[in-house]
Amino acid sequence: MGGFLDYSPGDSFLHRLNPLAKIFLSLMLSVSCFVTDSSIFCLMIILLNIAMAAVAGISSRALAMLRTLIKFCAFLFFIQVFFIREGNILLSLPFNVYVTDKGAMFSLMMVLRLIGATLPLALMLSITKMNDLSNVLVERVGIPYKYAFSLTTAIRFIPVFTAEMAGIMEAQTARGVAFDTKNIFKKIGLIFPLCVPLLITSVRKIEGAAISAELRGFNCRKRESGYKSYPFKTADIGVSIFALTLAVAGVFIPF
Amino acid sequence: MIRFDNVSYSTNGIKIISDVSFELKKGDFTALIGANGAGKSTVARLCNGLLKPSRGAVNVGGFDTALVRTSRIAKFTGFLFQDPDRQICKNRVRDEIRFSLECVMEDRAEIEMRCERTLKAFSLDGERDPFSMSRGERQRLVLASILATEPELLLLDEPTTGLDYRECMHIMECISVINRKGATVLMVSHDMEIVQDFTREVMVLNDGSLLAHGRTKDIIRDESLLARASLLPPQITELALRLGAGYENVITVDDMVSAVKKKRGGAE
Amino acid sequence: MIRISGLSFKYDGGREEALKNIDITVCKGDFFGVIGSSGAGKTTLLHAINGIIPHHFHGDYYGSVEVNGLDTIDNKPEQLAGTVGSVRQDFESQMVSSVVEDEILFGLENFSVPRDEIEKRMTDALDKTGIRNLRERNIATLSGGQKQKVAISAIIALMPDVLVLDEPTGELDPQSSRQIFQLLGELNEKHGITIVVVEQKIMLLCEFARSLAVMDRGRVVLNGPVSEVLKSSREMESAGVNCPRVVTLADRLRNENLYMGPVPVNIPEAENMVRSTTL
């Protein structure tokens, strides 16, 4: 249940990791996809992500996310693949449109990187409580609470705004705006004017959130106010080393 | 106008609506009542194709919603949501109404004519910025822009939530007028007094199933049925039920006053 | 005790005063309802009690507001928070956490409540609102009524003397709305918390509140014990407030010289009224 990025409760090995270790792991997974030139390595990282999601008990959400990403990336892939004109022609189409081996390879890598880099961040955010994340940033990293809170609030608002956007699209569809068109460019053109209602609602919600935080003593918070503590355990160190190794491996992997 | 044939709807493996069948005729004014989470909004969204049934068929105005685009159905239906801010996307009242018309028709002259007529009928200032208006005024603007398109079917999802009494009556009276002109209205609501005052039929929904579909005056007196949907009868009806004999046909305050007088007359 | 005297307020950039010369006293232990049409100044009034006005929203401010001896001009909202707890209208945006427990911790941590006391305060708050079983739950998966109870618990944990709520049942169905008012009644009676609640559902206010203020265009037009205020049903209607129908009925019966007794505020009282007229 719950939408994209919503916290999904659980008590798996991954849930119990220190929030910092989780974030480091997901960052390193993303980084490794960017530093590597190997499509097989990227693919392995994506598979590792799915495996991790299974451990955390959120595989169905991960697969749903993967499906959305693939749809989006397929679109990017086709745009990209026709624009690269260098290399040997693999497929020739009418109107001087062709696909080259270089273009195909480049586009494939781009798509794999995008998926490989997005998935771990999204997964980690859905198994980390936002409060734990902001607390650990304050306690362990020494970031002032105000910034840590703003960061986590921004992340927390993403699903709220996604739902709001879906609601707006629904209301506009109901009045006859043809969002159900098959033409993607037309659809983008229709979505653009909707930023107005989204912006108005967002500003109102953020204002509301700011007031209620103020009413609950947000300005009184001190660094040592945190109730929970976040020790860095052996498992956390292990996971961090593993993550770093993957990133380094990404650079040197030969295939 | 609307026909549900054994409609079920599930999302993420959870069944929201199970095996619902009903029919609304042209010119009906029907309320859809039930607790939060009973599936009322889902039924409303199934009516105009915003949601497509997982099983069974929904037929609206002669179209099977599973086979046509929602934007096609929108040409003859209006949908008023609880939150007006999801619809308003122009920064002038006139533009907002014009935009609604442009979504469903092409004749420029007709659009301009209807736009001006609507502004006048709702006494709206066409130059005003919708975002400087109160929530009740914005809801009225949204309703105006829907009614400008002269829908044959009007779907309302808790149209009066968050409004004060005056704003609420204003909205409901506009809806009554269009219903008298022949439009079919289906309204999701919690407010039993509004249901009592304005609708002629009621459907009771509980846990995704249709418990009852009947005349408003019968359903609002059925305490045990309403209790199953976590609802209470309107105040005067509840009072009449408690008073028992001699108050069987009491619905309004006027009815109650005459019933009291009659009872006194009989006693004297 | 809340004492508001001669309060007028105009928002920066506002065309008109949102509050006009308000005088209200809310006694300790009262259950005080505020009703009025939209734009009447109800939310502004609550903001003046919890210090959001004048500290967050600025404008022309005249008069004074005092809560348990604390002046809201000299004390910022966070200094008032131990005295006045506020539950806002839109519970979706006032939540800061994904899990119930963290939501309640937020305020306690902010005010640096000692560690050994935090656990006790948390369980106390959850017990008072009857949602101990929801402690580990993800807030996004709760129903509207449950979310509102979480919002109330998070404030109760700060142990305020006064609880101010802005349309706490605005998005709830009749049954959950009633549950929220039952909870407020309990907090008021069992735990002595003074309640100030803005609400559109007049029937709930009549049944649970002891005092009622009716606002219209920035002014308090009626103010007093619920049964007294309800006698002025004509004034209520001109302020855009819907009278409960049993009150309208009492009015009609009085006009016909059939009934002279007190105004009924619920169905059993109305039943007694009708029976007494037909004896």
Determine the option with the most heavy-atom pairs under 4.5 angstrom with chain C, choosing from [options].
options: B/Asp254, B/Thr252, B/Val253, B/Leu232; answer: B/Val253
options: B/Val257, B/Leu243, B/Ile236; answer: B/Leu243
options: B/Gln82, B/Glu193, B/Glu167, B/Met192; answer: B/Glu193

With rounding to the nearest 0.5 Å, note down the distance linking [atom1] in [X] to [atom2] in [Y].
X: C/Arg15; Y: B/Ser132; atom1: CZ; atom2: OG; value: 6.5 Å
X: C/Ile267; Y: B/Arg242; atom1: CD1; atom2: CZ; value: 7.0 Å
X: B/Lys261; Y: C/Thr278; atom1: NZ; atom2: OG1; value: 14.5 Å
X: C/Ser143; Y: B/Asn36; atom1: OG; atom2: CG; value: 8.0 Å

Taking all atoms of both residues into account, what is the closest heavy-atom pair of [X] and [Y], and its distance?
X: B/His190; Y: C/Leu172; value: ND1-O, 4.1 Å
X: C/Thr277; Y: B/Arg264; value: O-NH1, 2.8 Å
X: C/Gly36; Y: B/Asp164; value: O-CB, 4.4 Å

Got a sec: does the [atom1] of [X] have more than 12 other heavy atoms crowding it under 6.0 Å?
X: B/Arg92; atom1: CZ; value: yes
X: B/Glu127; atom1: CD; value: yes
X: B/Arg228; atom1: CZ; value: no
X: C/Asp60; atom1: CG; value: yes

Contacts under 3.5 angstrom, residues 211-227 of chain C side chains, donor-acceptor by atom type, not counting sequence neighbours:
{"unit_1": "C/Ser211", "atom_1": "OG", "unit_2": "C/Asp30", "atom_2": "OD1", "d": "3.2"}
{"unit_1": "C/Ser211", "atom_1": "OG", "unit_2": "C/Asp30", "atom_2": "OD2", "d": "2.7"}

Discussion item. Using a 4.5 angstrom heavy-atom cutoff, name the option from C/Ile35, C/Ile202, C/Asn266, C/Val274 with the most pairs to chain B.
Written reply: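 Looking at each option in turn, the highest pair count goes to C/Val274.
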Worksheet item: Counting heavy-atom pairs under 4.5 Å to chain B, which of C/Gly39, C/Ser177, C/Ser37 comes out on top?
Response: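 The residue among C/Gly39, C/Ser177, C/Ser37 with the greatest pair count is C/Ser37.
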Fill in: salt bridge (charged side-chain N to carboxylate O under 4.0 Å, His left out) evaluation trace for C/Arg245 with B/Asp197
CA-CA 12 Å; C/Arg245 295 204 175 164; B/Asp197 291 350; 2.7 Å; yes
Worksheet item: Relative to chain C, which segment of B/Leu231 carries a heavy atom at a distance below 4.5 Å: side chain, backbone, both, or neither?
Response: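 For B/Leu231, the contact with chain C is made by the side chain alone.
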Practice prompt. Side chain from CB out, backbone as N, CA, C, O: work out which of these in B/Ser230 comes under 4.5 Å of a heavy atom of chain C, or both, or neither.
Written response: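 Contact with chain C is through both the backbone and side chain of B/Ser230.
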Item to complete: Write out, in numerical order, the residues from residues 235-243 of chain C with a heavy atom short of 4.5 Å from a heavy atom in chain B.
Response: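 Residues C/Ser238, C/Ala239, C/Gly240, C/Val241, C/Asn242 are the ones that qualify, each having a heavy atom under 4.5 Å from chain B.
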Item to complete: Identify which part of C/Glu271 has an atom lying under 4.5 Å from any heavy atom of chain B, answering side chain, backbone, both or neither.
Response: both
Discussion item. Less than 3.5 Å apart, any donor N or O on the side chain of C/Glu171 or B/Thr161 sitting next to an acceptor on the other?
Written reply: no
Worksheet entry | Expected output: side-chain C/Asp173 to main-chain B/Ala35 donor-acceptor under 3.5 Å | no
